[in-house]
Amino acid sequence: MTSTPEVENKRPIRSYVIRSGRLTGSQRKAIDQHWQDYVIDFQKDLLDFQKLFHKPGKLVIEIGFGMGDSLLEMAIANPGNNYIGIEVHRPGVGKLLHGIAENNVSNLKVICHDAKEVFEFCIVDGTVDRLQIYFPDPWPKKRHNKRRLVQTEFIVSLLPKLKPGAEIHMATDVQAYAEHMMEVLEGIEELTNSNGKQNYWKNANRPDTKFENRGKRLGHGVWDLLFSRVLARKSSD
Ligand SMILES: C[S@@+](CC[C@H](N)C(=O)[O-])C[C@H]1O[C@@H](n2cnc3c(N)ncnc32)[C@H](O)[C@@H]1O
């Protein structure tokens, strides 16, 4: 009897679980009323940023904005930048849409889809000025570590999307994840640590996030990392 070849399990490893949190009335209303104006529906096509935004500006992409308060604050404070927030959690998308509409913000768009696929299919090479990843899900159990968003393979895959000199800003309230981020980013030749090798960024200039404040209430520390993309090979620093 011939044996059946084993079918490889090809399901991608996701860095998130879709939480079943219910939409509030205001989030649902914002999704119904403002989706068309501010959400870019995911398609396997490159985005045309010039068409998406009213004015040209630096392109900042944030992965996993959660409820979106800090991203909204940044977009309002920096009208010369254009922002794209990527998030899979619909209540967060609804909350941010409400904020965008209420404040009449024209430099912030939302994509409700897995950021890995967004980067793979939608972002044009050499267009991103800054990538922000704040308090990504820590996946603390060893067997779940592979689900962490920040992995060498993912960061290397998105490097071509960054302009030379573009920045990557990350933060976490989990020391083990901070050390993992540092190892991943320091290990990539095309990136250089803006605060000096192995150094975290003290007093990073960004608004607090909801998840961060929850961590602080529980007594967690906060670690920020800022790297930039260089074209030349790192010298043996
Ligand atoms: C721990 S929360 C932090 C949210 C927010 N940045 C904050 O600090 O309050 C991480 C968020 O990342 C989102 N996320 C995780 N992986 C993602 C992915 N691949 N694409 C888009 N969003 C993702 C989750 O849905 C979740 O809302």
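All values reported here derive from a predicted model rather than from experimental measurement.
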May I ask you to say whether [X] pairs ionically with [Y], meaning some side-chain N is under 4.0 Å from a carboxylate O?
{"X": "Asp224", "Y": "Arg206", "result": "yes"}
{"X": "Asp114", "Y": "Arg14", "result": "yes"}
{"X": "Lys116", "Y": "Glu120", "result": "no"}
{"X": "Asp173", "Y": "Arg214", "result": "no"}

Could you tell me which non-hydrogen atom of [X] sits nearest to which non-hydrogen atom of [Y], and how far apart they are?
{"X": "Glu212", "Y": "Pro207", "value": "OE1-O, 4.2 Å"}
{"X": "Ser70", "Y": "Thr209", "value": "OG-CG2, 3.6 Å"}
{"X": "Lys95", "Y": "Met67", "value": "CG-O, 3.3 Å"}
{"X": "Met181", "Y": "Ala171", "value": "CE-O, 3.9 Å"}
{"X": "Arg143", "Y": "Lys146", "value": "O-NZ, 3.0 Å"}

Around atom [atom1] of [X], are there more than 12 heavy atoms of other residues, nucleotides or ligands at under 6.0 Å?
{"X": "Lys55", "atom1": "NZ", "answer": "no"}
{"X": "Gln33", "atom1": "CD", "answer": "yes"}
{"X": "Gln198", "atom1": "CD", "answer": "yes"}
{"X": "Lys163", "atom1": "NZ", "answer": "yes"}

Evaluation steps, side-chain contact (heavy atoms from CB on, under 4.5 Å), between Val93 and Leu97: CA-CA 6 Å; Val93 170; Leu97 292 181; 4.1 Å; yes
Do [X] and [Y] sit in the same hydrophobic cluster, where Ile, Leu, Val, Met, Phe, Trp and Tyr count as joined when their side-chain heavy atoms come under 4.5 Å apart?
{"X": "Leu159", "Y": "Leu46", "value": "yes"}
{"X": "Leu191", "Y": "Phe154", "value": "yes"}
{"X": "Ile86", "Y": "Leu162", "value": "yes"}
{"X": "Val88", "Y": "Ile133", "value": "no"}
{"X": "Trp201", "Y": "Ile155", "value": "no"}

Steps toward side-chain contact (heavy atoms from CB on, under 4.5 Å) verdict (Gln132, Phe65): CA-CA 9 Å; Gln132 304 181 161; Phe65 58 73; over 6 Å; no
Counting C-beta onward and ignoring hydrogens, is there a side-chain heavy-atom pair between [X] and [Y] closer than 4.5 Å?
{"X": "Arg217", "Y": "Asn213", "answer": "yes"}
{"X": "Phe53", "Y": "Ile84", "answer": "yes"}
{"X": "Leu71", "Y": "Leu108", "answer": "yes"}
{"X": "Val39", "Y": "Ile111", "answer": "no"}
{"X": "Ile40", "Y": "Val110", "answer": "no"}
{"X": "Phe49", "Y": "Thr127", "answer": "yes"}
{"X": "Asp129", "Y": "Glu167", "answer": "no"}
{"X": "Pro140", "Y": "Tyr177", "answer": "no"}

What's the separation between atom [atom1] in [X] and atom [atom2] in [Y], rounded to the nearest 0.5 Å?
{"X": "Gln175", "Y": "His220", "atom1": "CD", "atom2": "NE2", "answer": "12.0 Å"}
{"X": "Ile123", "Y": "Ile61", "atom1": "CD1", "atom2": "CD1", "answer": "3.5 Å"}
{"X": "Ile13", "Y": "Leu149", "atom1": "CD1", "atom2": "CG", "answer": "12.5 Å"}
{"X": "Leu158", "Y": "Ile63", "atom1": "CG", "atom2": "CD1", "answer": "6.5 Å"}
{"X": "Met170", "Y": "Leu226", "atom1": "CE", "atom2": "CG", "answer": "10.5 Å"}
{"X": "Ile168", "Y": "Ser228", "atom1": "CD1", "atom2": "OG", "answer": "9.0 Å"}

Test log, rule side-chain contact (heavy atoms from CB on, under 4.5 Å), inputs Lys58 and Arg130: CA-CA 8 Å; Lys58 288 193 172 176; Arg130 187 177 175 92; over 6 Å; no
Tell me whether [X] contacts the main-chain N or O of [Y] through its side chain, where contact means a donor paired with an acceptor under 3.5 Å.
{"X": "Asn78", "Y": "Gly80", "answer": "no"}
{"X": "Glu190", "Y": "Arg229", "answer": "no"}
{"X": "Arg147", "Y": "Tyr16", "answer": "yes"}
{"X": "Asn107", "Y": "Asn81", "answer": "yes"}
{"X": "Gln151", "Y": "Arg148", "answer": "yes"}
{"X": "Gln27", "Y": "Thr24", "answer": "yes"}
{"X": "Asn104", "Y": "Ile100", "answer": "no"}
{"X": "His180", "Y": "Val150", "answer": "yes"}
{"X": "Asn103", "Y": "Val105", "answer": "no"}

ring-ring contact (aromatic ring centres under 6.0 Å, His included) contacts touching residues 110-140 (sequence neighbours left out): Phe42-His113, Tyr134-His169, Trp139-His144
Criterion side-chain contact (heavy atoms from CB on, under 4.5 Å) on Lys161 and Leu131, from CA distance to verdict: CA-CA 10 Å; Lys161 313 293 176 188; Leu131 171 69; over 6 Å; no
Trp35 versus Asp41, side-chain donor and acceptor atoms under 3.5 Å: yes
